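Predicted model only: the values in this text are computed from it and were never measured.
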Amino acid sequence: MSRLTIDTPSRADLVMEQLYKDLERRIESSPPGLCPVDLSRAFLELCHAQTCGKCVPCRVGLGQLNHLIRKVLNGNATMETLDTMEQTAKSIMESADCAIGYEAAHMVYKGLIGYRDDYIEHIKNGRCTCTYNQPVPCVSLCPAHVDIPGYVALVGEGRYADAIRLIRKDNPFPTTCGFICEHPCEARCRRNMIDDSINIRGLKRVAADFAGEVEPPKCAPSTGKKIAVLGGGPGGLSAAYYLQLMGHQTTVYEMLPKLGGMLRYGIPNYRLPKNRLDEDINAILKTGVEVKYGLKIGEDITIQQLRSEYDAVLITIGASTDKKLGLEGEDADGVISAVQFLRDVGKDEALDLTGKEVAVVGGGNVSMDAVRTAKRLGAKKVSIVYRRRVADMTALPAEIEGAIAEGIEVQTLKAPASLDIDENHHIKGMYVTPQMISEIKGGRASVKATGEPDQYIPCDILVVAIGQNIETEHFAEAGIPVERGKIVTTAGGDFLDMPGVFAGGDCASGPATVIKAIAAAKVVAANIDEYLGYHHEISCDVEIPKASLHDRVPCGRAELTEREACERICDFEGVENCMTEKEAKQEACRCLRCDHFGYGIFKGGREKLW
């Protein structure tokens, strides 16, 4: 009788697995703005090399497709070439014996339809439609185009105040973003080719923590122009900051008692301590920005009044109202929107949830803020109810993990069906319909009912966190174009029939991230400056350290640690701990300095002005 043996991977298997991981890292770190036609060629050649070669569609067909794409890239193709490519791709899709051949041809076919303009540009003009003047990958992924390699290098040298000055050239909220930015810049960090992306947000936090108070730059000479900004959130304050630096006197109108918008009244203190938010706001106010509190547009002031008093008006009211579930009884006591729930906490008017059961509907960052806040307010049990899977949640993975670590129950694949209201018109619970995962539509798995009976979730408080809306009623009445709940502007943020009025941020784009609101504010501030007849340039005279020639050996990424879950759920103090200076220096030294050694040299370099 032969003995069984334990299968162990061979050396070849280990090498192949490592090669696949290397390829995955290279794909992950590929910079934005790549030519899609050339990307199709590279993927096609990769698939062609993996085929067995037994069937003609793969062996010959994929080779022919590759030849045709190369003709396009070399400028030797005609419009008939695209028709031939389409027919060839369809033929391979219908006759290939394996998935490799089908998927390769299908990728080319989808590209011919999805980015046909890029093919046509190559054929007619011999060039690509993508830009050849992009900065380094992390900078182009940052909506505000902050000079990331620059401030990372400054942190590495311990020049924290200079790092803050450099960040403020493009983002007047360095401290705030050090705590809560969703760091899209890390998605294409070239360091992924070696090990893992740079902890860019963590290094921004280091700069903010160690810099101390950094004075804002001096304003340009006064232009005599006056600008009104409606809304004191991140978009409005960012625009006010840059307009004030340009020499225009800016006045912010804020309906709430304090500035910050959703940063103050929507993001809990444990994620963004409000004394740290005040550091950024105070620096903005030091430039001379004036503020008028407690005034709401449409009630206390009108657009017409502001137009008569100011040279320009900017609308940045954000997305401060909530979306409804659309269920009967939603007006019952105990049913509250996440926006209102978090705003009450921000105004020190929080509900006492001691001993209560709380359910929160939604799977985004706002829902995570709501459940973790409810836990800190003493709730006995807190549940997230979401109609899709955890993998489909739009919240940051770290926020989901943090909620689970704090004892939050996650109930997925359950869609709210009806509300159970008692005789006193108070919420008792919610019936949910079990869901199952279904077809993938638009790149995302859809869900459908399983057919099983509805389930009951008891709750004393139901928080609805399924999205935010914009208060547009007054603006529509004032003649400002509104469509599908958003203010509709031109690409420059203005209106064709209303000179001097601009809009930007969430009210024009829909609910988005803080850094996107700041980016929109930069654009609209520059356009208002141009409208007023000026061309001011925002710059920064901080000298960037020279790139080091030391070898970049593989090195693990330094993460921000957190307070223990059992400790942090008892208060609203900050959850994350900052890096030590030693950790920050090591992390900063991991940067490959693409601004010097790679994309910064070949594709545009550092943006010193905007």
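Under the side chain to side chain contact (heavy atoms under 4.5 Å, CB included) rule, V136 has a single partner from C142, C594, C185, which is C594. For the salt bridge (charged side-chain N to carboxylate O under 4.0 Å, His left out) test with R201, the passing option among E182, E576, E559 is E576; the others fail.
Taken from CD1 in I123 to CG in L73, the straight-line distance is 10.0 Å, to the nearest 0.5 Å. Separating the CZ atom in R41 from the CD1 atom in I69 is a distance of 8.5 Å, to the nearest 0.5 Å. If you take CG on D162 and SG on C540, they are separated by 7.5 Å, rounding to the nearest 0.5 Å. In this structure, OH on Y386 lies 8.5 Å from OG on S367, to the nearest 0.5 angstrom. A distance of 4.0 Å separates CD1 of I92 from CG of L65, quoted to the nearest 0.5 Å. Note that the CD1 atom of I487 and the CD1 atom of I480 stand 6.0 Å from one another [nearest 0.5 Å].
No donor-acceptor pair closer than 3.5 Å links the side chain of T412 to the backbone N or O of R389. Remark: the backbone N or O of F173 is not paired with any side-chain donor or acceptor of T176 at under 3.5 angstrom. Judged by distance alone, with hydrogens and angles left aside, the side-chain atoms of E587 form no donor-acceptor pair with the main-chain N or O of R557 at under 3.5 Å.
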### Query
Please walk me through it: do R116 and D83 pass salt bridge (Lys or Arg N to Asp or Glu O under 4.0 Å)?
CA-CA 11 Å; R116 197 176 188 86; D83 296 331; 3.8 Å; yes

#### Entry: Trace of the side chain to side chain contact (heavy atoms under 4.5 Å, CB included) decision for I384 with M368
CA-CA 8 Å; I384 297 171; M368 298 304 148; 3.6 Å; yes

#### Entry: Test log, rule ring-ring contact (aromatic ring centres under 6.0 Å, His included), inputs F502 and F495
CA-CA 7 Å; F502 296 77; F495 304 96; 8.0 Å; no

### Query
Does the side chain to side chain contact (heavy atoms under 4.5 Å, CB included) test come out yes or no for C138 and C189, once each step is laid out?
CA-CA 6 Å; C138 58; C189 176; 5.6 Å; no

### Message
Walk me through whether V542 and R159 qualify under side chain to side chain contact (heavy atoms under 4.5 Å, CB included).
### Response
CA-CA 10 Å; V542 173; R159 294 167 55 191; 3.9 Å; yes

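Taking the centre and axis of the six-membered ring of F179, the NZ or CZ atom of R271 falls outside the cone set by 45° and 6.0 Å.
Side-chain contact between I400 and L396 is absent, with no heavy-atom pair separated by less than 4.5 Å. Here the side chains of D38 and S40 are not in contact, with every heavy-atom distance at 4.5 Å or above.
Counting heavy-atom neighbours within 6.0 Å of E530 CD, excluding the residue itself, gives a total above 12. Within a 6.0 Å sphere centred on CG of N125, heavy atoms belonging to other residues, nucleotides or ligands number more than 12. With a 6.0 Å radius and a threshold of 12 heavy atoms from other residues, nucleotides or ligands, R387 has its CZ atom at or below the threshold.
The residues D196 and R191 are annotated as not salt-bridged, no charged nitrogen and carboxylate oxygen being separated by less than 4.0 angstrom.
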